[in-house]
2 protein chains.
Amino acid sequence: MARLIRERRDAVRRLGEIFRRHGYEGTSLALITAGTGLGKGSLYNFFPGGKDEMAAAVLDDIDGWFAEAIFRPLRRDPDPVAAIGAMLDGVAAYFDGGGRICLVGVFALGEVRDRFAARVQGYFAEWTSALSVALARCGHPPDVAADLAEDAVLAIQGALVLARAVDDRMVFGRALDRLRIRLAPVNADCA
Amino acid sequence: MARLIRERRDAVRRLGEIFRRHGYEGTSLALITAGTGLGKGSLYNFFPGGKDEMAAAVLDDIDGWFAEAIFRPLRRDPDPVAAIGAMLDGVAAYFDGGGRICLVGVFALGEVRDRFAARVQGYFAEWTSALSVALARCGHPPDVAADLAEDAVLAIQGALVLARAVDDRMVFGRALDRLRIRLAPVNADCA
DNA sequence: ACGATATTGTACCAATCAGTACAATCTGCG
DNA sequence: CGCAGATTGTACTGATTGGTACAATATCGT
């Protein structure tokens, strides 16, 4: 049983990379079997709902990771400045310094957004909200905290798009550098 | 003959909306015939290269529009501040205040990027470069002008992603408002 | 070792995919 | 009118799509 859930999670991770690379419509069952090494039998045993359930599982997995590694510290870490710094570092690592794009962003732009509307919206709303909380705890007034948070989340997404468009990861690095400055606490004694 | 090129351009415009909505892989010939009203015969008469040539024509059309309406004023308008303002207004209108996404951005995230790499890269490089020129002419030092330009282009893309993800056009409006402030000339007497 | 259950490879399905072929029709010109 | 060439609807292709059925196999507790 333990082996089962571990294998399923491995499969979800690989599925994520496939969906990331090819998008939802571009991901065929043939690509999935090749990329996961799992036959159709196993696939439909793990995910009886087919592609739809696979994508949902991937989105849940991603959301789970972000919730734990990024959103929770942002909300709860006693040191919000450190949490924001950790977010930037975590994001840089997660997106491979701009070499990896955001699957949720990809889904958001496609027509699949409607099918996974709640998950897509939840991911970004949570991110913006959590960051806003951390910024407010750093001394920013609530309204500027919300504005800064939205701006930061959007900048990360845009940086991923632009970095991939011009095929230059430095674009992403520079965007994060700017965010590091822009999100700096308004007063030093905030923590 | 004149009718021909006008009809072809109309077709390209409609094709653009279809590709925008469904992405490259998600756009089937069936969708295209339904969305353009053109049969396969006409389609392959206009675009012998098939989907590939259709997408290329769409990208060229978009690039042509931006080059004329946005990039050229940015570079040549005697009043760079006005050109930047016009860019923001033009972009707001073009993207329907956040209700319409950027096809080039969509392509950039997909695997089609490789097929249209030059066009995708050219679009964003030109945009960033033209805006950087305008900002420099406003009195910003060249390096900060380049940084600001990249930041602005990326913010627009990210705003489109986020606005669609959370299904709220206001996100895009707020991002443009921030840009209006961020791109303000460093000195009033620049024009 | 045994039966029950879970897992998986393979063959198969109807639907759809992008693209081709071509006869029928339309258009512009003399 | 009549002809040449452009345009277009329709039928068709072979390949691929997501998904199902199911027999063969592996794994499990006992």
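A quick note: this is a predicted structure, and the numbers were derived from the prediction, not measured. Proteins get letters first, then strands, A, B, ... in listed order; numbering begins at 1 in each.
Among the atoms of the strands shown, none is found under 4.0 Å from any heavy atom of Thr33(B).
With salt bridges taken as basic N to acidic carboxylate O contacts below 4.0 Å, none links Asp63(A) and Arg119(A). Checked for salt-bridge contact, Arg9(A) and Asp61(A) miss the test: no charged N lies under 4.0 Å from a carboxylate O. A salt bridge between Arg20(A) and Glu17(A) is present, with a side-chain N of the basic residue lying under 4.0 Å from a carboxylate O of the acidic one.
Considering only side-chain atoms of Ser28(A), the nucleotide from dG18(D), dT8(D), dG19(D) that sits closest is dG18(D).
Spacing between atom CG of Asn45(B) and atom P of dC22(C) amounts to 16 Å, rounded to whole angstrom units. dT7(C) atom P lies 12 Å from atom CZ of Phe47(A), rounded to whole Å. Per the geometry, CZ belonging to Phe46(B) stands 11 Å off P belonging to dG9(D), to the nearest Å. The nearest whole Å value for the distance from the NZ atom in Lys51(A) to the C1' atom in dT16(C) is 13 Å. Here dC17(C) presents its P atom at 12 Å from OH of Tyr44(B), a figure rounded to the nearest Å. Summarising the geometry, the separation between NE2 on His22(B) and P on dA18(C) is reported as 12 Å, rounded to the nearest angstrom. In this structure, the CG atom of Leu29(A) is 14 Å from the P atom of dT16(D), given to the nearest Å. In this structure, CG of Leu43(A) is placed 11 Å from C1' of dG18(D), rounded to the nearest angstrom.
Comparing Gly41(A) and Thr27(A), the nucleotide of DNA chain D nearest to each residue sits closer to the 5' end for Thr27(A).
Nearest heavy-atom pair across Leu154(B) and Ala175(A) is CD1-CB, 3.8 Å.
For the pair Ser42(B) and dT7(D), the criterion of a side-chain N or O lying under 4.0 Å from OP1 or OP2 is not met.
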